[in-house]
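Since the structure comes first, as structure tokens, the remarks are kept for the end.
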Amino acid sequence: NLILHGAGVAKTGLKLVDVYLAKINNPLILACKENCLYATNQEGNTHICEIEVNGGLMVGGRHSASGGLTTCDNANGLHIQTTDSVLRNVYTLDFKTHIYNHGGVNFYDHCHGWNMNPNLMQGSVHFKSAWDINCIGCYTDTIQTAFDFTGDGRGLITNHEVFVNSNFYQ
């Protein structure tokens, strides 16, 4: 298990650059300014990085000095700029963009995005993708947009569920 706390100061909690066949189990990554987890291939070749994340939680909130919860409003939960990566049972909590797929075709299996902070609802996106994604059994909870495809991005979406807590609409 991996625990990283950005305290609202760290730019990225876990950055994987030019990594091939990485496997991460149950990371807990909290309160980073830009990305909790960022995976990329700097060599300009974004294919076949095969990063696998099993379980885990990415949280966009951080505790203030007064003990309250504030947010890192511009942070992504996951920024995946690779391809052929698999993310299973990953939870993202309180982000404007929960998963930003910006590098190739990736697979998301039972990923749950959830906004508990009503201030993050407006303009929030669970999956933002400029490439193809394959989503199986994912759950979008109180997020304004489940899927935002740009450019040539397409999705194979199976058994996806969306829930919006009406208490968050005032």
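These numbers were taken from a predicted model, which means no experiment stands behind them.
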**Request:** Sort and list the pairs that fulfil salt bridge (charged side-chain N to carboxylate O under 4.0 Å, His left out) and have at least one residue in residues 117-127, not counting sequence neighbours.
**Result:** none

**Counterpart residues, ring-ring contact (aromatic ring centres under 6.0 Å, His included), relative to Y108 (two or more places apart)** = F127

**Prompt:** Between the main-chain N or O of Q144 and the side-chain N or O of S124, is there a donor-acceptor pair closer than 3.5 Å?
**Reply:** yes

**Request:** Among Ile, Leu, Val, Met, Phe, Trp and Tyr joined by side-chain contacts under 4.5 Å, find the other residues sharing a cluster with L156 and list them by chain and number.
**Result:** none

**Asked** Could you state the interatomic distance from CG (L57) to CG (L30), rounded to the nearest 0.5 Å?
**Response** 7.0 Å

**Request:** Please name the pair of heavy atoms, one in G13 and one in C32, separated by the smallest distance, quoted to 0.1 Å.
**Result:** N-SG, 3.3 Å

**Complete:** Interatomic distance, CG@D132 vs CG@N134, rounded to 0.5 Å, equals 9.5 Å

**Prompt:** Are V17 and L78 connected, step by step, through hydrophobic side chains (Ile, Leu, Val, Met, Phe, Trp, Tyr) whose heavy atoms are closer than 4.5 Å?
**Reply:** no

**Message:** Taking the side chain as everything from C-beta on, heavy atoms only, tell me whether T140 gets closer than 4.5 Å to T145.
**Reply:** no

**Asked** When you measure from the side chain of N165 to the backbone N and O of D141, does any donor-acceptor pair fall under 3.5 Å?
**Response** no

**side-chain hydrogen bond (donor to acceptor under 3.5 Å, both in side chains) partners for H98, two or more places apart** = T92, N115

**T83 side-chain N/O to V105 backbone N/O, donor-acceptor pair under 3.5 Å** = yes

**Message:** Quick check: is F107 connected to Y100 through a chain of hydrophobic side chains (ILVMFWY, heavy atoms under 4.5 Å apart)?
**Reply:** no

**Item:** Beyond-backbone contact of P27 with L4, side-chain heavy atoms, under 4.5 angstrom
**Value:** no

**Fill in**
Here the gap from K11 atom NZ to K33 atom NZ, rounded to the nearest 0.5 Å, amounts to 9.5 Å

**Prompt:** Could you give the distance from CG (N76) to CD (E34), rounded to the nearest 0.5 Å?
**Reply:** 8.5 Å

**Spacing of OH belonging to Y91 relative to NE2 belonging to H110, to within rounding of 0.5 Å** = 9.0 Å

**Message:** Between N25 (side chain only) and K23 (backbone N and O only), is there a donor and an acceptor less than 3.5 Å apart?
**Reply:** no

**Request:** Kindly say whether N35 contributes a backbone atom to a donor-acceptor pair with the side chain of H79 at under 3.5 angstrom?
**Result:** no

**Message:** For Y38, does the six-membered ring have the charged nitrogen or CZ of K15 within the cation-pi criterion, i.e. under 6.0 angstrom from the centroid and within 45° of the normal?
**Reply:** no

**Complete:** Looking only at heavy atoms, the pair that brings A130 and H102 closest together is CB-CD2, 4.0 Å

**Request:** Would you check if L16 and I24 make a side-chain contact, meaning some heavy-atom pair closer than 4.5 Å?
**Result:** yes

**Residues in side-chain hydrogen bond (donor to acceptor under 3.5 Å, both in side chains) contact with R88, at least two apart in sequence or another chain** = E52, N54

**Side-chain heavy atoms of F95 within contact of C36, under 4.5 Å** = yes

**Message:** Please determine whether side chain to side chain contact (heavy atoms under 4.5 Å, CB included) holds for the pair F149 and I133, giving the CA-CA distance in whole Å, both sets of side-chain angles, and the decisive distance to 0.1 Å.
**Reply:** CA-CA 10 Å; F149 293 104; I133 59 174; 3.8 Å; yes

**Message:** Taking the side chain as everything from C-beta on, heavy atoms only, tell me whether N26 gets closer than 4.5 Å to L28.
**Reply:** no

**Asked** Between H160 and A146, which heavy-atom pair has the shortest distance, and what is it?
**Response** NE2-CB, 4.2 Å

**Asked** Sub-3.5 Å donor-acceptor pair from the side chain of K96 to the main-chain atoms of Q122, do we have one?
**Response** yes

**Close side-chain approach of T142 to F163, heavy-atom, < 4.5 Å** = yes

**Prompt:** Does V125 share a hydrophobic cluster with V162, counting links as ILVMFWY side-chain heavy atoms below 4.5 Å and allowing steps through other members?
**Reply:** no

**Message:** If I take atom SG from residue C138 and atom CD1 from residue I99, how far apart are they, to the nearest 0.5 angstrom?
**Reply:** 6.5 Å

**Prompt:** Which pair of non-hydrogen atoms, one from G77 and one from M58, has the smallest distance, and what is that distance?
**Reply:** O-CG, 4.1 Å

**Asked** Does Y139 have any side-chain hydrogen bond (donor to acceptor under 3.5 Å, both in side chains) partners at least two apart in sequence or in another chain, and if so, which?
**Response** none

